[in-house]
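I have placed the structure first, in the form of structure tokens, so that the comments after it can refer back to it.
Chain letters run A, B, ... following the sequence lines, proteins first, then strands; residues in each count from 1. Given the structure is predicted, the values throughout are model-derived calculations rather than measurements.
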Amino acid sequence: MKTLKIATYNVNGIRSRLPQLLQWLQREAPDIVGLQELKSVDAGFPLAELHAAGYGAVWMGQSSWNGVALLAKGCDPVESRRGLPGDPRDTQSRYIEAMAHGVLVGCLYLPNGNPRPGPKFDYKLDWFARLQRHAQQLVALPHPVALIGDFNVVPTDADIYNPASWRRDALLQPESRQAYAELLAQGWTDSLRQVHGERRVYTFWDYFRQHWQRDAGLRIDHMLLNPPLAARLRDAGVDRWVRDLPHASDHAPTWVAVGASSARVATAASAKPKRGDRSAGGKPKGSKAKKTPRTAASGATALAEKAATRAKRKTTASAAATSSTPKQATKTTRATKATKATTPKAQTPKAQTPKARKPRAATEAPPKPTRGTKRRKPPLLPPGEGGA
DNA sequence: ATGTCATCATAGTGATGA
């Protein structure tokens, strides 16, 4: 129970994916969540539903495309930045950063970059360079920092079912991989790789040609930890069962479990929000419109440190305010009911992930149910008959 | 090149991005 679960999930449209998102939150109860591809304007963000599920949020929307958000269980994330520094002309909503549960989290949606070559690929590399500059500030902070999201990079050929068919794709280009490698070289730990070693781990299966059914996946959603946070890394995995839901996103939620480093964090992590309204620090939904657009201007480091200090105080207060409410209270939400009604709770997530039956990339490690947060097992359906 | 899915435009399909 002394763990903090941080997750990233490219929802591919938060409004159309809301039922799946809520079901996942209910079942896995991550403490911090980065979301990408909201594909919604700010006004369309489903804050009330997330509040009802026990989460506070900050978000940066955009019409039709992109859009990122950070959720925190039982409190409001304290925003420290929206948008990457370095290019005022960049209007795409691809980066948001906030403090929650004692961790500074940068949530990013890196440009896809296709087709290549072309302006989109140039934009990708330019964005990547700006990310590197900002990440250099973050990695060196004495505070725990996580950089999570959809990086749109397959780091190596071991991170894809078959590199040959994607060789010309922007996700596999040497420039993309080089930029990712340079990022890691700053001192970040690639959590999934760290935990799973040589085993294959995928986080994305596109909608084409029954790639999910064939477990023809890619690892492009990453969770990078700076040294203070990496020292606490305990486990990491992919909630594959979410990818198997009807009308699923083409990504699956990806998570890390880190040990709580102090009583303060432990308290925050165990704070179970009740439902709705007073989710965060006791704030009613109505007042929630107070997203904090404080931003650029100050240096990343100073900003982050300020945010850290500020958020720590706030998180402590929030946790104290909400810690008396048992999480059990949320079990009666409609999301849960829907879950129960539709999910055959079958197999153990341990020995057999959905891909247990799968032929080739069969080495992937099943997500371990070993951290403290879960009490029910996900319904893991084999991805496949359909395929190939 | 293909395939599927979500969005927004437009007014039942079409364009765009992934």
Figure out the CZ/P separation between A:R116 and B:dA18, and round it to whole Å.
-> 16 Å

For A:D250 and B:dT4, give me the distance from atom CG to atom P, rounded to whole Å.
-> 14 Å

Can you check the A:R167 CZ to B:dA1 C1' distance for me, whole Å?
-> 19 Å

Between CZ of A:F151 and C1' of B:dA18 the distance, given in whole Å, is 18 Å

Just checking A:F204: base, sugar-phosphate only, or nothing, at a heavy-atom cut-off of under 4.0 Å?
-> nothing

Rounding to the closest angstrom, what is the interatomic distance between B:dT13 and B:dA1 at atom C1'?
-> 23 Å

Between CG of A:N114 and C1' of B:dG3 the distance, given in whole Å, is 15 Å

With respect to the phosphate group of B:dA18, does any side-chain polar atom (N or O) of A:K120 fall under 4.0 Å of OP1 or OP2?
-> yes

Quick one: A:K39 NZ to B:dT4 P, roughly how many Å, whole number?
-> 16 Å

Atom-to-atom span, CG of A:N112 to P of B:dT7 - whole angstrom = 18 Å

Under 3.5 Å donor-acceptor, A:R200 side chain and A:I160 backbone = yes

Please work out which of the three classes, parallel, tilted or perpendicular, describes the rings of A:H222 and A:Y180, given edges at 30° and 60°.
-> tilted

Rounded to whole angstroms, how far apart are CG on A:L18 and C1' on B:dA6?
-> 15 Å

Considering only side-chain heavy atoms of A:R15, which listed nucleotide, B:dT7, B:dA6, B:dA18, is closest?
-> B:dT7

First of A:Y207 and A:L38 reached from the 5' end of DNA chain B, by closest nucleotide = A:Y207

Could you please name the option among B:dC5, B:dG17, B:dT7 that lies closest to any side-chain atom of A:S16?
-> B:dT7

Out of B:dA6, B:dC8, B:dA1, which nucleotide sits closest to the side chain of A:R209?
-> B:dA1

Are the side chain of A:R234 and the backbone of A:V258 linked by a donor-acceptor contact shorter than 3.5 Å?
-> no

Of all residues at least two apart in sequence or in a different chain, which pass the ring-ring contact (aromatic ring centres under 6.0 Å, His included) check with A:W188?
-> none

Which residue lies toward the 5' end of DNA chain B, A:R17 or A:S165, if each is placed at its nearest nucleotide?
-> A:S165

Taking only the side-chain heavy atoms of A:F208 (C-beta and beyond), determine which of B:dC8, B:dG17, B:dG3 contains the nearest atom.
-> B:dG3

Could you tell me whether the side chains of A:D215 and A:W205 share a donor-acceptor contact shorter than 3.5 Å?
-> yes

Using atom P of each nucleotide, how far apart are B:dG3 and B:dT7 to the nearest Å?
-> 22 Å

